[in-house]
Amino acid sequence: MTQLITALPAAVRAHLPLVVFAGEAPLKSGWYNQEIDQAPLITATGAAYHRLHMPERMPVAVSQGQEVARHHLRADARLGVEALTAALPLRDRNWRSDEMAARIRDTKPDSHAFEIEPGLLDPRRVVEALEEVLPHEWEMVNSGGHCSWFFAQMPSRPQEKFLTIREFGAIGNGISFAMGVAAARPDRTVVLFDGDGSLMMHVQELETIKRHGLNILIVVMNDGAYGSEVHKLRAEGMPEDGAVFGYSDFAGIARGFGLSGKKVEDLDDLPELVAEFAASGGAAVWDFHVSDKVLSPTIRRAHPQPARK
């Protein structure tokens, strides 16, 4: 689905005709509770889209070091999609069921065991706790980066109040989206879910939030590193120094800008913290120090970690 979300804004900006040919396929991996494989059957087709994003002589499409497509069809967009659709066998359209909906709703999205270091939190447990206590009428903004997978696991949230950003996998733009939502809906509380590396790219905008009186709660998944990069470097056995910068004090930074800032160490404190923030309004930053040893299923699938000796 990331390919689709990336293709759409790119085509719009470049004024390219775009046809989306999408489908679902079962995925049997035990850690993935939605039976939809995101990669094989989604492609963007347009008059110039592939020429812009893929060298003409490239026989294999590669994304983040992984092969994502080997077969390419050059054809008129409409005629090509029609021919492919006609060639595919028909399948049962009624694969969705109440049973599947219940499984997606009730099954933990990831049950892989990780060893969490003392004094740090499991990002999956952080999201579970937030899902329990954040009011459903609040507007949610999920930024980019490794932490965005964890924050996306909030099945009870209505889609019209959950904005997901996937602009080419970039980070650093979450705070601008959250400010836009807060400015457009001043009567609502906005929650920004962001990572530490992402927030630091525009942390000075906390002053803007303060000056304009925006109602934004910033939840920082702080693993002391650029999460996606550090996991990929480890998978390749490469030095991770350039991706690790330590646990920044976002609570202190927020207070320096005149906002409320808290380092949340006990998830049992969240109901009281939410109640206090709801009563006071304004803006605040909650800093969750999480383990950088917890890999999302997406990273585990795309970048298998080397076996420990």
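Put simply, the side chain of I209 reaches to within 4.5 Å of the side chain of I218, judged on heavy atoms. In this structure, the side chains of V141 and F162 stay at 4.5 Å or more apart for every pair of heavy atoms. V285 is not listed as a side-chain neighbour of I253, based on a closest heavy-atom distance of 4.5 Å or more. The shortest distance between side-chain heavy atoms of N142 and L163 does not fall below 4.5 Å. Using a 4.5 Å cut-off on side-chain heavy atoms (C-beta onward), F250 and L199 make contact. Residues L192 and V219 fail the side-chain proximity criterion, which asks for heavy atoms closer than 4.5 Å. For the pair R125/L267, a side-chain contact is recorded, criterion being any heavy-atom separation below 4.5 Å from C-beta on. Contact of the E131 side chain with the P155 side chain is registered, since non-hydrogen atoms from C-beta on lie closer than 4.5 Å.
Around atom CD of E99, no more than 12 heavy atoms belonging to other residues, nucleotides or ligands sit under 6.0 Å away. For R188, the CZ atom counts as densely surrounded, since its 6.0 Å shell holds more than 12 non-hydrogen atoms of other residues, nucleotides or ligands. A 6.0 Å sphere centred on CG of D98 holds no more than 12 heavy atoms belonging to other residues, nucleotides or ligands.
Between the CZ atom of F277 and the CG atom of L134 there is a distance of 10.0 Å, given to the nearest 0.5 Å. For the atom pair L217 CG and L259 CG, the distance stands at 11.0 Å (nearest 0.5 Å). In this structure, the separation between CZ on F177 and OG1 on T164 is 10.5 Å, given to the nearest 0.5 Å. To the nearest 0.5 Å, the span separating OG on S148 from CZ on F193 amounts to 12.0 Å. One distance of note links NE2 of H202 with CE of M179; it measures 10.5 Å at 0.5 Å rounding. In this structure, CG in D223 is found 8.5 Å from OG in S291, a value given to the nearest 0.5 Å.
The aromatic ring centroids of H231 and H303 lie 6.0 Å or more from each other.
Nearest heavy-atom pair across D194 and C147 is C-SG, 3.7 Å. Taking each heavy atom of L295 and F150 in turn, the nearest pair found is C-CZ, 4.2 Å. Of all non-hydrogen atoms in P186 and N215, the two that sit nearest each other are O-ND2, 3.3 Å. Listed here is the closest heavy atom pair of K263 and A251: N-CB, 3.8 Å. The heavy-atom pair separating E240 from R234 by the smallest distance is OE1-NE, 2.9 Å. Here the shortest heavy-atom pairing between A170 and N173 reads O-OD1, 4.0 Å.
Under the 4.5 Å side-chain heavy-atom criterion for Ile, Leu, Val, Met, Phe, Trp and Tyr, V294 and L130 are members of the same hydrophobic cluster. Side-chain heavy atoms closer than 4.5 Å link hydrophobic residues (I, L, V, M, F, W, Y) into clusters, and following such links, possibly through other members, connects V264 to W138. Hydrophobic clustering (ILVMFWY, side-chain heavy atoms < 4.5 Å, transitive): M221 and M154 are in one cluster. Hydrophobic clustering places L121 together with V133 (ILVMFWY residues linked when any side-chain heavy atoms are closer than 4.5 Å, directly or through intermediates). Clustering ILVMFWY residues whenever any of their side-chain heavy atoms sit less than 4.5 angstrom apart, transitively, puts V220 in the very cluster that holds L214.
Salt bridge annotation for E117-K293: present, with a cationic side-chain nitrogen under 4.0 angstrom from a carboxylate oxygen. Between E137 and K161, none of the side-chain N atoms (NZ, or NE/NH1/NH2) sits under 4.0 Å from a carboxylate O, so this pair counts as no salt bridge. Checked for salt-bridge contact, D287 and K262 miss the test: no charged N lies under 4.0 Å from a carboxylate O. Under 4.0 Å is where a charged nitrogen must lie from a carboxylate oxygen, and between K210 and E207 no such pair does.
In this structure a side-chain-to-backbone donor-acceptor pair under 3.5 Å is present from S198 to G172. At least one donor-acceptor pair under 3.5 Å links the side chain of T107 to the backbone N or O of R103. A distance-only check finds a donor-acceptor pair linking the side chain of N222 to the backbone of S248 [under 3.5 Å]. Judged by distance alone, the side chain of Q153 and the main-chain N or O of W149 form a donor-acceptor pair under 3.5 Å.
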Candidate pair E128 and K108, rule side-chain contact (heavy atoms from CB on, under 4.5 Å), full reasoning: CA-CA 9 Å; E128 287 177 2; K108 287 184 179 296; 2.9 Å; yes
Test log, rule salt bridge (Lys or Arg N to Asp or Glu O under 4.0 Å), inputs R300 and D110: CA-CA 11 Å; R300 297 205 303 270; D110 182 28; 2.9 Å; yes
S176 vs E205, side-chain contact (heavy atoms from CB on, under 4.5 Å): CA-CA, chis, key distance, verdict: CA-CA 8 Å; S176 60; E205 296 306 328; over 6 Å; no
Trace of the side-chain contact (heavy atoms from CB on, under 4.5 Å) decision for E139 with T189: CA-CA 6 Å; E139 303 281 345; T189 296; over 6 Å; no
CA sep, side-chain torsions, deciding dist, call: Y226, F245, ring pair (Phe, Tyr, Trp, His ring centres under 6.0 Å): CA-CA 8 Å; Y226 293 117; F245 41 78; 5.0 Å; yes
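T85 and E82 form no side-chain donor-acceptor contact under 3.5 Å, judged by distance and modelled atom types alone.
For the side chain to side chain contact (heavy atoms under 4.5 Å, CB included) with D122, the qualifying choice from V290, V127, I116 is I116, the only one to do so.
Aromatic ring orientation, H112 versus F114: tilted (interplanar angle from 30° to 60°).
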